[in-house]
Number of protein chains: 2
Amino acid sequence: MLEVRHLRTLIALAEAGTVSRAAERVHLTQSALSHQLKALEAHYGVAMVRRHGQSVKLTEPGQRLVTLARTVMGEVRTAERDLTKLVRKPAGTLRIVLECHTCFDWLMPIMDAFRKHWPEVELDLVSGFHPNPLALLADNKTDLVIGSENKPRRGIVYHPLFRFEVLAVMPTDHRLKAKRYLAASDFAKETLITYPVPEERIDLIRRVLKPAKIHPRRRTTELTVAILQLVASRRGVAALPNWGIKNYVDYGYVIARRIGKSGLWSNLYGATTGEVARLPFVRDFLETARRECFAKLDGVVPVQ
Amino acid sequence: MLEVRHLRTLIALAEAGTVSRAAERVHLTQSALSHQLKALEAHYGVAMVRRHGQSVKLTEPGQRLVTLARTVMGEVRTAERDLTKLVRKPAGTLRIVLECHTCFDWLMPIMDAFRKHWPEVELDLVSGFHPNPLALLADNKTDLVIGSENKPRRGIVYHPLFRFEVLAVMPTDHRLKAKRYLAASDFAKETLITYPVPEERIDLIRRVLKPAKIHPRRRTTELTVAILQLVASRRGVAALPNWGIKNYVDYGYVIARRIGKSGLWSNLYGATTGEVARLPFVRDFLETARRECFAKLDGVVPVQ
DNA sequence: GAATATTGTGAATATCATTCATAATTCATG
DNA sequence: CATGAATTATGAATGATATTCACAATATTC
């Protein structure tokens with residue numbers, strides 16, 4: 001019998017492209033999904049996926065069920081939102097601090113959607129640089145901090161968002177363009193173009209270059225597009241999330257390479273106080289962010 | 001976590017009005033539904049039903065989930081129809097014989113819906129009187145016989161549709177109008193108005209009057225409205241399904257009374273050959289009929 | 001107020017989803 | 001083409017949890 005659980009996994013499967021990945025996303029084992037699929041196929045007497053070498057592709061019936069799943073899950077979500085609103089009008093505010101500059105790119109559409117679903121909730125983006133963003137939570141100066149920090153602290157709850165790869169961005173004719181991936185030493189003679197934040201906030205420096213005692217020149221600018229412009233015009237190289245530069249790379253504006261053999265990966269968390277974490281609209285915000293990012297952003301995987 | 005199963009029971013609950021009835025409909029015990037409800041209410045932290053004396057009424061959140069359930073189940077059904085069509089274009093015919101005259105009333109809308117969902121299937125109503133309709137199945141003269149017969153026969157499968165009460169219909173000023181229910185003897189001096197079919201086909205005669213050796217005068221006519229007209233103008237009494245006369249009774253055109261202390265109940269079955277029973281569109285037809293009748297017809301309950 | 005209907009609940013049971021362990025398969029690579 | 005890494009499939013064991021059972025509590029009807 002078809003259940004919501006099956007719909008969930010079908011969506012995950014459609015978006016992840018492999019059973020194992022999909023399993024991670026719905027917090028089950030690969031085996032569980034395999035069994036679920038088998039049960040579904042037995043029940044309807046049709047193959048839902050076709051193994052195309054490594055990856056799995058949905059068959060036509062599978063596609064049909066995925067579209068069903070998408071609409072159904074959407075309806076379930078709005079119904080559940082209505083439900084929490086019925087319980088108590090959830091007036092409130094949600095003030096967000098971004099530790100990571102690039103996050104603006106994906107956060108905007110999410111905020112737009114949120115405003116539609118929760119018009120009663122005042123949404124605020126606390127901008128500007130903060131030396132210790134998590135302290136703002138305790139001081140009740142903000143409600144949600146989005147960043148890669150997840151050190152346990154009393155009173156603070158971390159909500160894993162997603163995991164992404166940071167790539168080195170270089171001009172198309174760069175001397176290192178032949179390499180599959182860059183080592184720390186490769187950055188020695190380069191100018192590093194970054195956002196104007198302290199070194200500790202830049203993953204590449206903190207986790208790769210500093211341990212290797214390499215200190216390249218730095219040049220800073222505020223906007224992602226500005227960074228890319230500087231890179232394209234050979235003023236230096238940058239390190240940016242793969243989803244932030246995908247379009248520019250596809251277009252041939254710049255090229256991107258791995259950093260280190262297995263890549264430089266970063267986790268993103270939403271941090272709140274325990275109290276805020278319980279607010280229905282906050283939970284909805286985080287859940288929506290997670291879901292939309294997995295669906296829309298390239299190369300994004302679940303945290304750990 | 002919300003599952004399709006919960007949606008099913010919510011719909012059943014909304015339509016049945018009591019937990020026990022709803023349980024019958026989804027083929028579970030009352031206890032199971034009680035637990036399900038409790039789990040749902042715990043999960044969302046809201047009461048879904050409010051006990052209003054005997055019957056249960058859905059709360060506002062409950063209502064919201066029922067509307068969700070209705071749309072979701074509708075989408076699931078069309079998706080499943082699409083699925084079976086994807087497997088193999090199900091061209092075919094569905095010829096229906098009606099053993100019961102009144103059934104026209106509810107069958108028409110069902111047939112209309114069916115034509116929409118399965119335009120490739122030719123739908124046929126085999127009309128006229130047949131002495132032994134079930135024999136037509138074996139002879140492949142028809143595909144589906146709808147009647148109250150369910151004696152086991154080799155090669156024939158019975159699909160329970162629903163159970164309904166047959167009421168005595170009388171003019172508003174009838175001498176027996178004060179009685180709560182009519183005994184067999186009450187019919188002795190009456191003229192019985194029926195459809196033009198043999199006595200064995202008329203439940204009241206076969207199951208009540210004949211055993212009591214009572215043989216009232218009979219007068220026949222083809223249409224339900226004609227029967228009601230005759231009754232209203234004091235030409236006799238009739239025995240008809242409660243759902244077929246509800247409107248006329250509510251309007252004060254005629255009155256209706258139980259037959260016997262616990263009423264005269266009748267079961268309706270769809271009979272097919274085992275082969276036909278496996279055809280997806282036949283299964284869909286029967287399922288739709290069942291569902292729609294439970295939802296739209298008054299006083300209809302599951303078979304046994 | 002007894003008899004009947006229905007609901008709620010904890011414990012027992014049964015069912016079924018999930019995991020575990022492992023074999024089979026595919027793909028990249030030296 | 002052998003090897004290893006990564007994936008999927010599958011049967012058996014496990015675990016979770018939905019359902020039933022048994023019964024108390026409550027409401028309803030005559």
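What's counted below: heavy atoms across the whole structure, side chains too, no hydrogens, waters or symmetry copies. Proteins get letters first, then strands, A, B, ... in listed order; numbering begins at 1 in each.
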Problem set entry | Distance, rounded to the nearest Å, where R50(B) contributes CZ and dT7(C) contributes P | 16 Å

Exercise. Is E3(B) reaching over with its side chain to a backbone N or O of V4(A), donor-acceptor style, under 3.5 angstrom?
Worked result: yes

For this session: Report the glycosidic orientation of dA5(C): syn if within 90° of 0, anti in every other case.
Result: syn

What does the list of N/O pairs under 3.5 Å between the protein and nucleotides 13-20 of chain C look like, with a distance for each?
unit_1, atom_1, unit_2, atom_2, d
dA17(C), O5', R5(A), NH1, 3.4
dT18(C), OP2, Q36(A), NE2, 2.8
dT19(C), OP2, T29(A), N, 2.8
dT19(C), OP2, T29(A), OG1, 2.6
dT19(C), O4, H35(A), NE2, 3.0
dC20(C), N4, S31(A), OG, 2.5

Problem set entry | Contact under 4.0 Å: S20(A) side-chain N or O vs dT7(D) OP1/OP2 | no

Problem set entry | Inter- and intrachain pairs under side-chain hydrogen bond (donor to acceptor under 3.5 Å, both in side chains), touching residues 247-257 of chain B, at least two apart | K246(B)-D250(B)

Exercise. Any side-chain N or O of S34(B) under 4.0 Å from OP1/OP2 of dT9(C)?
Worked result: no

Exercise. Can you check whether A23(B)'s main-chain N or O pairs, donor with acceptor, with Q30(B)'s side chain at less than 3.5 Å?
Worked result: no

Problem set entry | Base paired to dA5(C) (Watson-Crick or G-U; both N/O distances under 3.5 angstrom) | none

Exercise. Any side-chain heavy atom of Y44(A) sitting closer than 4.5 Å to one from E80(B)?
Worked result: yes

Problem set entry | Minimal non-hydrogen separation, V169(B) against V231(B), with atom names | O-CG1, 3.7 Å

For this session: Tell me whether the OP1 or OP2 atom of dA18(D) has a side-chain N or O from K38(B) closer than 4.0 Å.
Result: no

Problem set entry | E15(B)/R291(B) salt bridge by N-O under 4.0 Å criterion | no

For this session: Calculate the interatomic distance between L40(B) atom CG and dA18(D) atom C1'; express it in whole Å.
Result: 13 Å

For this session: Quickly work out the M48(B) CE to dT7(C) P distance and round it to whole Å.
Result: 18 Å

For this session: For L37(B) and dG8(C), give me the distance from atom CG to atom P, rounded to whole Å.
Result: 8 Å

Problem set entry | Given dT7(D), dT7(C), dT8(D), the nucleotide with the shortest approach to the side chain of R21(A) | dT7(D)

Exercise. Rounded to whole angstroms, how far apart are NE2 on H43(B) and P on dA18(D)?
Worked result: 11 Å

Problem set entry | Pair partner, dC20(C) [Watson-Crick or wobble, under 3.5 Å] | dG11(D)

Exercise. Atom CG of L2(B) to atom C1' of dA18(D): distance rounded to whole Å?
Worked result: 15 Å

Exercise. To the nearest 0.5 Å, what is the distance between CZ (R21(A)) and CG (L33(A))?
Worked result: 13.5 Å

Problem set entry | Separation of dA5(C) P from E24(B) CD (nearest whole Å) | 13 Å

